[in-house]
Every structure is written in C-alpha cells, then in structure tokens.
2 protein chains.
Amino acid sequence: MPAGPTESADRFERPRVAVDTVLFAFQERRLKTYLVQLSRGPANGKWAFPGGLVRRGEMLDDAVRRELKISTGLTDAYLEQLFTFGDPSRDPDAHVVSVAYMALIPDPGRVSGPSPKYAAGGWFELSALPPLAYDHAVMAKYALKRLKSKLEYSNIAFALLPPIFTFAEFEELYSQILARPIDRRNFRRRILAMGLLRPLKETRRGAHRPAALYSFARQTLQMIEML
Amino acid sequence: MPAGPTESADRFERPRVAVDTVLFAFQERRLKTYLVQLSRGPANGKWAFPGGLVRRGEMLDDAVRRELKISTGLTDAYLEQLFTFGDPSRDPDAHVVSVAYMALIPDPGRVSGPSPKYAAGGWFELSALPPLAYDHAVMAKYALKRLKSKLEYSNIAFALLPPIFTFAEFEELYSQILARPIDRRNFRRRILAMGLLRPLKETRRGAHRPAALYSFARQTLQMIEML
DNA sequence: CCAAAAGTGTTGGCTCTACACCCATGA
DNA sequence: TCATGGGTGTAGAGCCAACACTTTTGG
C-alpha cells in the first residue's frame with residue numbers, strides 16, 4: 001500500500017530541509033556543471049543538481065558531502081553555501097526548503113557515474129543546460145553569479161585549477177567564466193604583483209614555446225581586490 | 001502533561017526550519033539592533049534575535065515578516081537573506097536549521113514592545129550586546145559584515161534613513177557603520193557625482209546654518225561601486 | 001623556416017587622496 | 001559677536017587601460 005504523492009506530502013507536519021549542490025569544473029576551456037537526471041517523482045526525466053534531504057543530527061555541509069559522494073564519487077570539493085530557497089511551491093509534491101551550495105573541483109575526469117538513484121548524470125556547458133527540475137534554473141544563475149563575483153575579489157580560482165598550471169590556463173579560466181576578453185599584459189602584471197601565484201622552476205613543454213608553470217601561493221580562500 | 005525538552009525533540013523525525021532576523025536601525029548616531037529576551041527553553045533569560053519556526057506552506061520571507069510583526073509590530077522592512085545555520089547542536093534542544101535574515105528600518109521609534117512570548121525586548125548598540133542565545137553572536141557578526149560590505153557597493157543606506165535627510169546624517173551613517181572616518185569633501189563629491197541622492201529645494205533650519213535636504217534618487221536596491 | 005603560443009613596457013588620462021578655510025544662522 | 005555645524009576647491013601621486021611586437025619551440 002504505497003503512499004501516493006499527495007498523501008506522502010501530508011505525512012510531514014513541517015517543511016523538510018534539503019541541500020542541492022551546483023558543482024562546477026573547468027574542462028576543455030569551458031565552465032561546466034554536473035547534473036543528474038531524475039528517475040522518479042513529479043519531475044521525472046528532468047535534470048537537476050544533485051541533492052537530497054538533510055538527516056536528523058546532520059550538519060548541512062555533511063549532507064552536501066554525502067550527496068556529492070553518492071552522485072559523483074567525489075570526497076573532496078571546495079564548498080560554499082549560496083542561498084536558501086524556501087518557496088513552498090518550488091516542489092509541487094511537498095514543502096521542501098533547500099539550502100543551495102556551490103562546489104568547485106579541479107578535475108571533472110575523476111567523477112564516476114551517478115548512483116542508481118538517478119537515471120543518468122553528466123557535465124553540461126552552462127550555455128546549453130537541459131530542462132531543469134524545480135527552481136534549479138534559478139540556482140544555476142545564482143551560482144554562476146556568485147562564482148563570477150568571487151573570481152573578482154578572491155583567489156577562489158585555486159579550487160578550479162589543478163595544483164600546477166600555466167599562466168595561459170589561469171587567464172583562460174578568468175576570461176571564460178567572466179565572459180569577457182582580458183588584457184594579457186595588464187592581467188599578468190596585476191596578478192603577479194599581488195603575489196597570488198607562486199612561480200615554479202619547471203616549464204611545460206608542448207608543441208610550441210614552453211610555458212612557465214605556477215601554483216597558488218595559498219590553497220585557502222583569500223579575499224583580495226583582483227580586477 | 002506537557003512534554004519536556006528531550007521528549008519534545010524526539011517527536012520530530014527531521015530537522016525543523018526556523019528564521020531569525022537581525023534587525024538594524026540607525027538611531028542617535030549609532031547603529032543598533034533589536035533583541036528579545038527569551039522566557040522559556042534552555043536559553044531562558046538570554047537574549048536573541050526575534051525568530052521562530054517556519055510553518056507548513058509558508059514562504060521564508062513571510063515567516064520573517066510574521067515574526068517581525070509579533071516581536072516589534074513592524075509591518076514593513078527591507079529584508080535580505082543572510083545565511084543558513086544548520087549545526088545540529090546549535091540548539092541543544094532540537095535540530096533546528098535557521099535561515100538568518102537581515103532587516104533594516106529607518107525609524108526605530110515605531111517599534112512597539114515585544115509580544116508576551118518574550119520577557120523583554122529592546123535596542124542595543126552593537127558594541128554592547130548582552131549574552132546571546134544559541135549561535136546568535138555569529139549571526140550578529142555575519143549581519144554586520146554584510147551590512148558594511150553592502151554600504152560600499154550599493155545604495156542600501158536608503159533602508160536605514162528617513163525619506164528626507166541632510167548630507168551630514170548620510171555621512172554619519174557611513175562613518176559610524178564602517179567604523180572609520182570619512183573625508184567630507186571627497187565623499188560628498190563622489191556621492192553627488194554618481195547621482196545617488198536627489199537634492200531637494202528645502203533646507204532644515206536648526207540652531208546653526210541651515211542644512212540642504214536630500215532624498216534617495218531610488219528607493220530600491222541598486223548595485224554601485226561606492227567607496 | 002614557418003606556425004603557434006608565450007612573453008614582455010610604456011604612456012596618457014583619469015581617479016583618488018590629502019588637506020583648511022569661509023559661511024549662515026540662532027542665541 | 002560668537003559658537004556651531006554646513007559647505008566648498010586644488011594639486012600631486014598613483015593607478016589603470018590601451019596598445020604590438022619579439023621569443024621560443026616543434027614540426
């Protein structure tokens with residue numbers, strides 16, 4: 001005697017608490033985000049950011065990490081709380097208050113397929129998202145806005161880049177995510193002057209002139225006026 | 001046969017959702033915040049920001065407005081969501097996830113006493129807060145930080161000032177909240193150049209030279225580089 | 001030797017900061 | 001006329017944006 005959606009909703013006296021995670025990675029010179037395809041519920045077939053209900057006694061961050069592990073296999077990511085969405089009609093099935101997080105990782109290749117809980121999972125360019133469930137399109141906009149603004153006044157890029165990278169990769173990340181061209185000379189001068197990056201002695205050899213390698217001076221979030 | 005705190009906590013399968021509101025007003029040349037004194041629960045006697053549980057089917061903003069009305073009689077305020085606090089041990093009595101809001105009003109004199117739900121209520125200077133319940137001291141810091149930074153890149157001051165004011169009052173608000181001296185000439189030049197304020201034709205007569213009056217050009221939040 | 005990406009300086013304009021005196025009024 | 005808060009201008013320094021060619025390598 002399974003409960004239908006409506007009856008199910010009535011079983012809860014209070015709003016439920018969930019977390020949803022907008023996971024970003026920079027891959028093939030593009031910012032991408034990870035989505036899962038729902039296989040049940042009123043939004044069946046639509047895509048969504050991975051998320052789920054918070055358990056009793058669980059920290060919000062722990063709930064995010066748990067869901068991230070289930071959906072992607074990831075055990076480490078930079079996490080930042082974004083906003084809490086509480087419109088009772090955002091999920092037609094029940095009153096779910098969702099705390100949205102942004103997660104950043106340097107290497108999207110490490111992500112394993114989603115759990116059987118979902119029909120599918122994959123990376124999407126932000127300009128070509130499939131139809132999103134609930135209010136997740138709003139979350140996507142909100143997350144991108146936050147990421148853009150943090151790029152301009154913090155060293156948050158460290159969470160999207162591998163430990164060692166070229167200056168061109170660093171600059172490409174900025175110009176792609178901010179969606180505007182960046183003056184190479186001015187940008188390099190400013191970044192190096194503020195000591196954000198640590199120049200390494202090695203270079204990366206490729207098809208052309210070798211590129212000097214850098215790593216971040218600090219791997220923790222620092223607020224700095226950048227642009 | 002009232003339930004004790006422990007038994008009460010066990011009745012809920014899931015975390016509960018609450019809102020708490022850090023209400024700011026600028027009065028007597030000082031930034032003040034409104035606190036209520038708890039008259040029951042494990043934090044009995046301590047002070048806290050007004051708040052309460054979100055009801056089923058209720059928007060978060062509506063819950064904030066409802067609690068604000070109960071605690072202060074206010075029906076209008078600028079509201080902004082700050083952060084969601086979800087540590088399960090933040091309330092020793094139950095797992096309560098609290099969505100913190102900042103509220104701004106121009107006239108603290110309008111606030112009426114708190115509901116019988118609370119032992120007392122009143123305005124406090126931020127430098128002299130009484131012992132706060134739960135994690136409300138963290139909320140206070142968070143709210144102040146947000147207010148400071150928004151003063152620097154938006155016209156949010158409109159929500160803390162009456163419809164008509166002198167430039168000296170406007171400047172005093174900035175220098176007090178940012179806790180640093182402001183160069184009167186440079187500040188005035190910049191603010192007027194960016195068209196943030198609308199000069200009125202009247203002046204305010206007092207004990208000394210009359211002061212020109214201003215109002216905000218826009219009464220809605222505008223993001224602008226200010227300082 | 002050619003293609004492709006890496007790397008490098010200067011200048012003019014603009015913005016920001018520092019700073020001190022006169023003005024208008026009521027008492 | 002005096003006390004008090006209101007109101008005003010300039011100059012030097014520092015910062016920012018615009019801008020194009022040379023270098024290094026692999027193929």
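We name chains A, B, ... by the order of the sequence lines, and we start the count at 1 in each one.
- Contact check of residues 178-190 of chain B against DNA chain C (heavy atom, cut-off under 4.0 Å) returns B/D183, B/R185, B/N186, B/R189, B/R190.
- For A/F24, there are no ring-ring contact (aromatic ring centres under 6.0 Å, His included) partners, not counting sequence neighbours.
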With a cut-off of 3.5 Å and sequence neighbours excluded, list every side-chain donor-acceptor pair involving residues 181-197 of chain B.
unit_1: B/D183; atom_1: OD1; unit_2: B/R185; atom_2: N; d: 3.1
unit_1: B/D183; atom_1: OD1; unit_2: B/N186; atom_2: N; d: 2.9
unit_1: B/D183; atom_1: OD1; unit_2: B/N186; atom_2: ND2; d: 3.4
unit_1: B/N186; atom_1: OD1; unit_2: B/R189; atom_2: NH2; d: 3.2
unit_1: B/R190; atom_1: NH1; unit_2: B/M226; atom_2: O; d: 3.4

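- Using a 4.0 Å cutoff to heavy atoms of chain A, the contacted part of DNA chain D runs 5' to 3' from D/dA17 to D/dG26.
- In the model, B/Y174 has no side-chain atom that pairs as donor or acceptor with a side-chain atom of B/E172 under 3.5 Å.
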Under 3.5 Å, which donor-acceptor pairs link side chains of residues 138-145 of chain B to any protein atom two or more places apart or in another chain?
none

Going by atom type alone, with no hydrogens or angles, which donor-acceptor pairs under 3.5 Å involve a side-chain atom of residues 154-162 of chain A and a protein atom two or more places apart or on another chain?
unit_1: A/S154; atom_1: OG; unit_2: A/K150; atom_2: O; d: 2.8
unit_1: A/S154; atom_1: OG; unit_2: A/I156; atom_2: N; d: 3.1
unit_1: A/N155; atom_1: OD1; unit_2: A/Q222; atom_2: N; d: 2.7
unit_1: A/N155; atom_1: ND2; unit_2: A/T220; atom_2: O; d: 2.9

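- In summary, the side chains of B/Y101 and B/D61 do present a donor paired with an acceptor at a separation below 3.5 Å, with no hydrogens or angles considered.
- Considering only residues two or more places apart in sequence or on other chains, B/E28 meets the salt bridge (charged side-chain N to carboxylate O under 4.0 Å, His left out) condition with B/K32.
- Remark: DNA chain C takes part in the stems C:1-27 with D:1-27, each of 3 or more antiparallel Watson-Crick or G-U pairs, criterion distances under 3.5 Å.
- Listed by first and then second residue, the side-chain hydrogen bond (donor to acceptor under 3.5 Å, both in side chains) pairs involving residues 116-125 of chain A are A/E67-A/K117 (not counting sequence neighbours).
- Residues satisfying the salt bridge (charged side-chain N to carboxylate O under 4.0 Å, His left out) criterion with A/E169, sequence neighbours excluded, are A/R204.
- Using a 4.0 Å cut-off on heavy atoms, the residues of residues 203-214 of chain B that approach DNA chain C are B/R205, B/G206, B/A207, B/H208, B/R209, B/P210, listed by number.
- DNA chain D lies under 4.0 Å from at least one heavy atom of each of the following residues of residues 163-172 of chain B: B/A168.
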